[in-house]
Amino acid sequence: MTLTAPLPTEVEAAPPPSAQAADVRRGGWFVRITILIVVALWIIPALGVLVTSFRPESLVTTSGWWTAFAHLFDSGQWTLDNYRQALDAQGFENAFLNSLAVTIPATVIPITIAAFAAYAFSWMEFRGRYVMFVAVVGLLVVPLQMALIPILRLYVDGASLGGATIFPDLDLNGTFLGVWLAHTAFGLPLAVYLLRNFIGALPSSIIESAKIDGADHFTIFWRLVVPLSVPALAAFAIFQFLWVWNDLLVAYVFLGGTTENRVLTIALQNLVGSRGEEWHLLTSAAFISMILPLIVFFSLQRYFIRGLTAGAVKG
Amino acid sequence: VTTTVEQPPIAPEPEREAKETPKARHTLGMVALRVVGALVVPIAAFIVLWSTFDFLRDADANRFVLVGVAIAVGVGGVFFLYWAMNWVVNWLPERYREGVRPYVFVGPALVILAVFLIYPVINTILLSFGDRQGNGFVGLDNYEFVFTDDSMRRAIRNTLGWIVIVPLVATSIGLAFATLADRLRRGEAVAKSLIFLPMAISFVGAAVTWKLIYSFRPEGFGTNIGLLNGIKSGLGMSPTAWLQVKPWNNLMLMVIMIWLQVGFAMVVLSAAIKSIPDEIIEAARIDGASELQVFRRIIVPSIAPTIAVVATYMVINAMKVFDIVFVIGGAETNQTEVIAERMIRNFFLLDNDGRGAAIAVVLFVAVIPVMYWNIRRFREQEALR
């Protein structure tokens with residue numbers, strides 16, 4: 001934006017702002033009430049899930065969750081049974097463990113791989129460096145739908161060209177490794193791009209002096225660059241963690257819906273299909289799937305927001 | 001168990017080998033011995049890793065142990081790979097080391113991207129001209145299906161609705177909220193985090209949350225426990241099957257995505273608003289501009305690039321929306337199909353690789369220009385920071 005008029009230095013000629021405008025600016029009743037209404041609208045859906053999940057089945061099916069507030073302190077109104085049922089009988093405990101087993105490695109692996117690559121792109125001399133980096137960033141435009149069919153075919157059949165095996169049939173479908181690798185690939189372009197921006201902006205004097213002291217690249221990376229890059233690593237880690245934890249599509253295609261393997265999002269989706277009207281179960285199951293991201297949100301809010309805004313260009 | 005793993009560090013070696021002079025101190029045999037010795041370690045590592053994966057496939061093992069091992073192997077494995085490869089490089093004759101090392105650092109990223117993104121893009125394009133098993137050549141049949149099938153045409157129409165309405169509404173609410181919250185004397189942070197909170201929730205969780213709100217029971221089939229129909233019956237009106245009223249049920253689904261994404265727009269736009277120098281806004285006020293004029297003439301033009309980035313991000317997300325429609329279900333009966341959901345339906349549930357691939361290609365072609373523009377804008381923003 002361009003401002004041609006010079007900023008006024010004297011205020012005497014200025015007309016007084018209208019009373020209403022001043023009110024708005026300082027946060028008068030209009031601002032406060034609007035904000036309050038919007039916040040209430042935003043909270044009510046989640047509140048409905050939370051309240052319903054703690055009400056006994058007989059009440060959930062016969063009255064709206066909002067009626068619970070009329071008997072707030074009546075102990076017959078509240079129960080933990082829904083959670084017990086969801087965790088045990090519906091297998092959400094197992095699904096929670098599977099979600100952890102998918103999400104933690106699928107966060108650490110792409111970050112590690114991307115950090116090494118970002119370091120090389122920033123501080124190492126080699127042929128094709130720029131071309132490779134541009135190619136990696138260019139892959140940001142690929143929507144993951146483009147990759148699903150061929151990867152699934154690779155996992156199930158392998159790949160061959162004219163009878164020669166190019167990619168062996170590793171039987172990766174339905175395994176954690178298969179999902180980790182898929183998530184790693186889908187997260188890498190963004191991770192390399194963001195981390196290169198950060199690592200490339202570190203002062204070169206630090207790297208040079210470490211080299212003079214005789215440190216090799218591996219040591220510089222591990223002892224110097226990684227500790228200095230913690231903010232960028234944390235931001236991407238949170239973004240990727242939430243992305244994988246909340247993902248349905250990749251898990252649905254590569255891990256499937258078997259009771260042993262399924263993650264929380266799949267288990268919840270199955271429950272909607274099989275018991276779509278049993279709201280005491282659906283809500284407690286939904287809350288089980290939300291609890292960890294919510295904890296991450298409340299405890300790491302600053303990094304969380306930075307991670308999500310940085311992740312805005314993910315394909 | 002056999003493993004074939006690509007070893008990127010070896011790649012540049014041959015051309016350097018040519019420069020090797022006979023003056024080399026190490027005898028060739030010695031070099032070979034070191035190289036072979038160095039290769040034993042990663043191979044052994046892979047065998048260990050692979051047998052652990054075999055263990056992970058064993059469904060009978062205790063689940064807690066299994067998950068623990070999976071996490072340890074996944075996290076530890078990747079660190080170990082780099083450490084082992086670096087160790088190998090240190091065993092190479094000295095003059096090769098620094099030439100090979102960069103490829104150890106970038107190699108794994110390039111290999112994974114080649115196998116999991118570059119190859120699939122080419123393969124998907126080829127498959128889109130093939131039949132349902134992914135063999136043969138059927139010309140443009142699959143594309144004809146994409147643009148003539150009733151369900152597909154509705155999906156395209158609905159997706160167009162998504163990419164216009166969701167970004168427009170979500171960005172507007174986000175902008176309005178950010179502007180107003182900026183003027184709160186107290187509680188700005190709390191208000192903003194409550195709006196932002198749905199961003200932490202999965203699309204599946206959000207779909208369940210809103211399904212409860214839209215929940216419907218016909219009159220005479222019990223109390224309506226959904227909030228909307230609860231309000232209606234409280235007012236003495238008959239309940240509405242919100243998710244079955246065509247075509248408005250599409251809007252009901254879009255509301256879910258708006259609910260999820262306003263927080264994102266709000267946080268990004270709020271940061272942009274706060275970076276406008278106070279003097280400019282004060283000066284306008286002193287010159288007698290009303291608050292609405294300040295908003296329209298100063299705030300909006302100043303943050304226009306950020307608004308564009310936020311809106312494009314949402315356009316891309318709306319193009320690829322899948323989970324919400326898929327989880328709410330009944331896309332065909334309710335006519336709420338969208339492109340990404342059709343892709344999974346055709347490829348995964350109806351097992352038609354050709355059609356699925358064609359839908360993916362159409363999506364890809366639609367996303368490219370928006371994404372290209374978005375990355376460029378993103379880079380400009382980064383450069384300004």
Side-chain angles (χ1 to χ4, degrees), chain A residues 1 7-8 11 14-15 17 21 24 27 31 34-35 38-39 42 45 48-49 62 64 97 101 104-105 108-109 112-113 116-117 120 124 126 139-143 145-147 149-151 176-177 180 185 217-218 246 248-249 260 265 268-269 272 282 286 289-290 293-294 297 305 309 312-313, chain B residues 53 59 67 70-71 74-75 78 86 101-102 105-106 108-109 112 116-117 120-121 123-124 180 183-185 191 194-195 200-202 204-205 208-209 212-213 223 225 230 267-268 279 283 285-286 288 290-291 301-302 313 320 322-323 327 343 347 353 356-357 360 363-364 367-368 371 374 378:
Chain A
M1 137 184 194
L7 297 174
V11 290
V24 170
V31 171
T34 317
I35 298 255
V38 178
V39 168
W42 246 250
V49 169
T62 53
L97 291 176
I104 294 174
V108 175
I109 295 171
T112 311
I113 293 179
F116 272 103
M124 291 168 116
F126 57 100
L139 287 174
L140 272 171
V141 301
V142 179
Q145 279 84 357
M146 275 303 271
I149 304 178
I151 294 176
F176 289 138
L177 179 63
W180 296 340
H217 278 298
F218 197 80
N246 288 337
L248 173 73
L249 186 52
E260 308 98 62
T265 46
L268 188 56
Q269 187 245 333
V272 173
L282 280 173
S289 80
M290 295 171 190
L294 288 178
F297 173 75
I305 287 171
T309 49
V313 291
Chain B
F53 283 126
V67 165
I71 292 171
V75 172
V78 66
N86 193 61
R101 208 184 303 271
F105 277 47
V106 291
I112 287 186
F116 288 88
L117 279 178
V121 167
N123 195 228
T124 301
L180 292 180
R183 287 136 200 263
L184 279 182
R185 242 170 297 164
L194 289 177
I195 297 290
I201 296 172
S202 67
V204 188
V208 170
T209 304
L212 177 60
I213 293 202
T223 327
I225 60 163
V267 164
V268 176
E279 299 83 36
R285 282 183 182 139
I286 289 163
S290 72
E291 285 308 307
S302 312
Y313 161 73
K320 295 192 291 189
F322 156 75
D323 315 37
V327 174
M343 190 253 157
F347 139 66
D353 285 10
L363 191 66
F364 183 39
V367 166
I368 287 176
M371 203 65 203
N374 195 31
F378 186 75

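A, B, ... follow the sequence lines: proteins, then strands. Residue 1 opens every chain.
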query = Top residue by heavy-atom pair count (under 4.5 Å) with chain B, among A/Pro45, A/Gly48, A/Ser289?
reply = A/Pro45
request  = Rounded to the nearest 0.5 Å, what's the gap from NE2 on A/His217 to CZ on B/Phe105? Could you check?
outcome  = 7.5 Å
note = Scanning both residues in full, the closest heavy-atom pair of B/Pro120 with A/Pro150 reads O-CG, 3.3 Å
task = Name the region of A/Ala286, side chain, backbone, both or neither, that has any atom closer than 4.5 Å to a heavy atom of chain B.
result = side chain
task = Tell me, with the steps shown, if A/Val272 and B/Val208 meet side chain to side chain contact (heavy atoms under 4.5 Å, CB included).
result = CA-CA 8 Å; A/Val272 173; B/Val208 170; 3.6 Å; yes
query = Atom CG in A/Leu294, atom CD1 in B/Ile201: separation rounded to 0.5 Å?
reply = 5.5 Å
ask   = Which heavy atom of A/Ile35 sits nearest a heavy atom of B/Ala191, and at what distance?
value = CG2-CB, 3.9 Å
key: Beyond-backbone contact of B/Thr209 with A/Met290, side-chain heavy atoms, under 4.5 angstrom   = yes
request  = Determine the option with the most heavy-atom pairs under 4.5 angstrom with chain A, choosing from B/Gly356, B/Gly230, B/Ser202.
outcome  = B/Ser202
task = Please flag which part of A/Thr34 lies under 4.5 Å from any non-hydrogen atom of chain B: side chain, backbone, both or neither.
result = side chain
message = Taking the side chain as everything from C-beta on, heavy atoms only, tell me whether B/Val367 gets closer than 4.5 Å to A/Val141.
response = no
message = So which atom in A/Ala147 and which in B/Phe116 form the shortest heavy-atom distance, rounded to 0.1 Å?
response = CB-O, 3.6 Å
message = Is B/Ile213 close to chain A through its backbone or its side chain, or both, or neither, when contacts mean heavy atoms under 4.5 Å?
response = side chain
message = Counting only non-hydrogen atoms closer than 4.5 Å, does A/Met146 touch chain B with its backbone (N, CA, C, O), its side chain (CB onward), both, or neither?
response = both
message = Are B/Val78 and A/Ile113 packed together at the side-chain level, in the sense that at least one heavy-atom pair is separated by less than 4.5 angstrom?
response = yes
inquiry  = Can you tell me which portion of B/Phe322 sits under 4.5 Å from chain A's heavy atoms? Options are side chain, backbone, both or neither.
reply    = side chain
key: Donor-acceptor contact below 3.5 Å, side chain B/Asp323 vs main chain A/Leu249   = no
key: Contact summary for B/Val106 and A/Ala120, nearest pair of heavy atoms   = CG1-CB, 3.4 Å
inquiry  = Using side chain to side chain contact (heavy atoms under 4.5 Å, CB included), reason through B/Met343 and A/Ile149 one step at a time and then give a plain yes or no.
reply    = CA-CA 10 Å; B/Met343 190 253 157; A/Ile149 304 178; 3.8 Å; yes
task = Determine the minimum heavy-atom distance between B/Phe364 and A/Pro143, stating which atoms define it.
result = CD1-CD, 3.2 Å
inquiry  = Only pairs of heavy atoms separated by less than 4.5 Å count here; which of B/Val121, B/Ile195, B/Leu363 has the most with chain A?
reply    = B/Ile195
